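To start, the structure itself, in structure tokens.
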Amino acid sequence: MNPPIIETKDVWKIYGSNGVAVEAVRGIDLAVQAGEFCALVGPSGSGKSSLLHLLGAMDTPSRGEVIFAGRLLAQLSDAQRTDLRAREIGFIFQTFNLLPMLTVWENVEIALRLGGVPLAERKQRASALLAQVGLQERARHLPSSLSGGERQRVAIARALANRPRLLLADEPTGNLDSQNGTDIMKMLRVIAEGGQTVVMVTHDFRAASYADRVILLRDGRLRGETHLEGAPDMQQTVERLFQLGL
């Protein structure tokens with residue numbers, strides 16, 4: 001078996017102020033294989049977003065190790081971590097995080113610029129990515145003129161811009177209605193089936209049902225997991241999720 005694309009070993013994240021320590025992540029061991037679609041689920045305050053930030057090199061653990069493609073993140077300099085996030089990890093956020101003063105096309109192109117892609121290739125790739133998410137006709141619009149579902153599709157195009165090895169999604173359907181949420185999850189499913197590694201945080205079992213593996217977090221700890229890949233129908237998928245405790 002190939003080594004995991006991302007893994008944690010006894011990872012803890014402890015926040016503290018005024019002498020009060022909050023253990024957001026408690027001793028988590030996790031391995032995600034290349035090409036896997038993994039959903040981290042749990043109630044608010046379970047530590048799932050804190051864990052996602054550690055996986056994405058946006059935060060550092062209080063103790064324990066995070067390893068990306070064989071590289072120990074703690075051994076990377078700040079510049080190396082920034083370069084890793086720009087080139088090898090894509091991020092999709094619940095609030096989209098688009099730059100309001102830039103057009104749809106520019107919001108995708110800027111990620112390519114930060115990744116060091118030459119101008120001619122940036123132009124071609126940004127247009128191709130917008131076509132992939134069905135927004136080529138909205139390329140010159142500002143984000144304020146888009147629906148929530150369209151904004152999230154722009155965010156997905158931007159996250160895919162530098163062909164990252166790992167795609168992280170933090171509640172990607174949280175600000176969407178049910179139909180737009182379903183459309184986004186179908187898109188992430190297609191991306192995963194194309195070989196992309198996807199790790200998603202969600203509290204919605206309907207969103208989690210699109211994953212290959214669902215991992216339950218509570219109180220900062222892993223409490224169980226279930227594999228959904230190969231489930232013959234939605235009824236069995238829902239049954240497995242309820243057995244897990246969702």
Side-chain angles (χ1 to χ4, degrees), residues 1-8 28 30-42 46-58 66-69 73 84-97 108 111 115 129 132-134 149 151-176 180-217 222 225-231 234 237 240-241 244 246:
M1 179 180 293
N2 294 328
I5 185 69
I6 187 76
E7 61 181 318
T8 68
I28 286 183
L30 174 67
V32 180
Q33 302 299 319
E36 185 177 14
F37 187 172
C38 181
L40 304 174
V41 301
S46 62
K48 55 188 188 297
S49 289
S50 294
L51 178 58
L52 197 75
H53 292 165
L54 294 171
L55 297 178
M58 292 184 287
V66 181
I67 303 166
F68 179 85
L73 294 188
L84 178 74
R85 291 192 298 268
R87 297 176 184 271
E88 300 194 57
I89 304 175
F91 300 91
I92 304 169
F93 300 98
Q94 177 179 345
T95 53
F96 320 131
N97 286 11
V108 178
L129 284 161
Q132 181 179 339
V133 299
R151 292 182 196 183
Q152 194 60 290
R153 282 190 276 160
V154 176
I156 290 173
R158 181 184 59 189
L160 295 173
N162 290 308
R163 299 173 181 145
R165 301 176 69 180
L166 175 65
L167 187 63
L168 301 177
D170 193 354
E171 300 281 6
T173 64
N175 281 341
L176 304 178
N180 277 308
T182 296
D183 291 343
I184 292 301
M185 289 314 306
K186 287 180 178 178
M187 187 173 295
L188 290 178
R189 182 67 247 174
V190 169
I191 290 168
E193 289 173 353
Q196 196 88 33
T197 306
V198 181
V199 178
M200 174 183 68
V201 157
T202 185
H203 65 273
D204 183 354
F205 80 88
R206 291 170 298 179
S209 69
Y210 286 83
D212 300 319
R213 178 165 55 126
V214 180
I215 298 172
L216 176 64
L217 280 81
L222 299 186
E225 65 176 62
T226 186
H227 290 265
L228 302 180
E229 187 176 16
M234 180 57 71
T237 296
R240 291 185 187 183
L241 292 172
L244 183 59
L246 298 183

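From a predicted model like this one, the values you see are computed outputs, not experimental measurements. Counting from 1, the numbers follow the sequence of the chain as shown.
- In plain terms, the two heavy atoms of Gly134 and Arg153 that are nearest each other are O-NH1, 3.7 Å.
- The structure places CD of Glu88 at 7.5 Å from CD1 of Ile5, a figure rounded to the nearest 0.5 Å.
- The two residues Leu216 and Gly42 make their nearest non-hydrogen contact at CD1-CA, 4.2 Å.
- Looking only at side-chain heavy atoms (C-beta outward), Tyr210 and Leu188 stay at 4.5 Å or farther from each other.
- The two residues Lys48 and His203 make their nearest non-hydrogen contact at CE-N, 4.3 Å.
- Looking at residues two or more places apart in sequence or on another chain, you find a side-chain contact (heavy atoms from CB on, under 4.5 Å) between Arg151 and Phe96, Leu98, Leu146.
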- Message: Under the criterion side-chain contact (heavy atoms from CB on, under 4.5 Å), I'd like the reasoning laid out for Val154 against Val133: C-alpha separation, chi angles, the key distance, then a yes or no.
- Response: CA-CA 7 Å; Val154 176; Val133 299; over 6 Å; no
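- Residues Phe205 and Val41 fail the side-chain proximity criterion, which asks for heavy atoms closer than 4.5 Å.
- Using a distance-only test at 3.5 Å, with no hydrogens or angles considered, no donor-acceptor pair links the side chain of Asp170 to the main chain of Ser49.
- Arg87 meets the side chain to side chain donor-acceptor pair (under 3.5 Å) test with Asp83; sequence neighbours excluded.
- Contact of the Leu55 side chain with the Val32 side chain is not registered, since no non-hydrogen atoms from C-beta on lie closer than 4.5 Å.
- The two residues Ile215 and Cys38 come nearest to each other via the heavy atoms CD1-SG, 3.5 Å.
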Do any side-chain atoms of residues 191-202 form donor-acceptor pairs under 3.5 angstrom with protein atoms, and if so which ones, sequence neighbours left out?
unit_1 : atom_1 : unit_2 : atom_2 : d
Glu193 : OE2    : Arg189 : NE     : 3.3
Gln196 : NE2    : Pro164 : O      : 2.3
Thr197 : OG1    : Gly35  : N      : 2.7
Thr202 : OG1    : Asp204 : N      : 3.0

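- The line from CD1 of Ile184 to OG1 of Thr173 is 9.0 Å long, rounded to the nearest 0.5 Å.
- Counting heavy atoms from C-beta outward, Ile6 and Ile89 have side chains that stay 4.5 Å or more apart.
- Between Ile28 and Leu217, some side-chain heavy-atom pair lies under the 4.5 Å cut-off.
- Interatomic distance, Met58 CE to Arg85 CZ, rounded to the nearest 0.5 Å: 8.0 Å.
- The shortest distance between side-chain heavy atoms of Asn180 and Gln152 does not fall below 4.5 Å.
- At least one side-chain heavy atom of Asn97 sits under 4.5 Å from a side-chain heavy atom of Arg158.
- Atom CD in Glu171 sits 11.0 Å away from atom CG in Leu176 (nearest 0.5 Å).
- Counting heavy atoms from C-beta outward, Leu160 and Ile156 have side chains that approach closer than 4.5 Å.
- Nearest heavy-atom pair across Ala69 and Arg165 is CB-NH1, 3.5 Å.
- Taking all atoms of both residues into account, the shortest heavy-atom contact from Val108 to Ala157 is CG2-CB, 4.0 Å.
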